[in-house]
Amino acid sequence: METKKIISQIALGLAVIGFGAGASAFTNRTVETNLQMRYWGNDETTGQYIELPGPPSIENCNPNETETCVVQSENASLPSELPYSQATPANGVNPHPSSADGFYQ
């Protein structure tokens, strides 16, 4: 009788361990994203946005234009040259918070 009790306790212990291991496979884990902000400057020569190599110097904005001087996005699929028509919130592109209208020089 004592052997059956020990075996049932071992079986119960293994069942609890197995359930715990199985349940942990379905827990939500945070996914790390390496989204990097990209910047485009309004290019006077081409009349579109050209990707900048890094964060912009807003002092380089010449205010003689009706389009935003610098736009930004974390969308990695955007091209390095953006026509004004693609630089929209629908594509994940927004004006740089410190930017006004102008050309980037």
Side-chain angles (χ1 to χ4, degrees):
M1 194 70 159
E2 189 67 31
T3 306
K4 283 185 178 180
K5 187 175 182 182
I6 292 173
I7 292 174
S8 66
Q9 288 176 345
I10 291 172
L12 179 62
L14 290 174
V16 169
I17 291 171
F19 177 75
S24 69
F26 296 104
T27 58
N28 289 334
R29 292 185 182 185
T30 56
V31 176
E32 288 188 33
T33 56
N34 293 325
L35 298 178
Q36 184 173 354
M37 189 63 72
R38 296 170 62 197
Y39 304 94
W40 291 263
N42 187 0
D43 185 66
E44 186 173 12
T45 306
T46 62
Q48 61 183 0
Y49 291 107
I50 304 294
E51 188 168 8
L52 302 174
S57 297
I58 298 302
E59 304 83 43
N60 292 347
C61 288
N62 179 355
N64 297 327
E65 170 60 13
T66 59
E67 298 294 334
T68 304
C69 181
V70 177
V71 295
Q72 63 185 22
S73 178
E74 293 177 327
N75 185 344
S77 66
L78 291 171
S80 61
E81 295 185 12
L82 283 174
Y84 297 142
S85 62
Q86 285 186 342
T88 63
N91 287 330
V93 180
N94 294 298
H96 185 280
S98 301
S99 180
D101 292 343
F103 287 114
Y104 191 80
Q105 301 176 348

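On a predicted model such as this, the values are computed, not experimentally measured, just so you know.
Contact of the S99 side chain with the Y104 side chain is not registered, since no non-hydrogen atoms from C-beta on lie closer than 4.5 Å. For the pair Q72/P97, a side-chain contact is recorded, criterion being any heavy-atom separation below 4.5 Å from C-beta on.
Although no hydrogens or angles enter the test, the distance criterion places a donor-acceptor pair under 3.5 Å between the side chain of Y49 and the main chain of T68. Counting only distance, with no hydrogens or angles, the side chain of N62 and the backbone of F103 share no donor-acceptor pair below 3.5 Å.
We find the CH2-CD1 distance between W40 and I50 to be 11.0 Å, quoted to the nearest 0.5 Å. To the nearest 0.5 Å, the span separating SG on C69 from CG on N60 amounts to 8.0 Å. Note that CG of N64 is 8.0 Å distant from CD of E44, once rounded to the nearest 0.5 Å. From E81, atom CD reaches atom CD of Q86 across 11.0 Å, with rounding to the nearest 0.5 Å. Atom CG of residue D43 and atom CG of residue L82 lie 12.0 Å apart, to the nearest 0.5 angstrom.
Pairing each heavy atom of Y84 with each of E65, the nearest pair is OH-OE2, 3.6 Å. Between A76 and R38, the closest heavy-atom pair is O-NH1, 3.4 Å. Among all heavy-atom pairs drawn from I58 and S98, the shortest one is CG2-O, 3.4 Å.
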Apply the test side-chain contact (heavy atoms from CB on, under 4.5 Å) to residues S73 and N91: give CA-CA distance (whole Å), side-chain angles for both, the deciding distance (0.1 Å), then the verdict. CA-CA 9 Å; S73 178; N91 287 330; over 6 Å; no

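Relative orientation of the Y39 and H96 rings is tilted, given thresholds of 30° and 60° on the angle between their planes.
Linking Ile, Leu, Val, Met, Phe, Trp and Tyr whenever their side-chain heavy atoms come within less than 4.5 Å puts V70 and M37 in one cluster.
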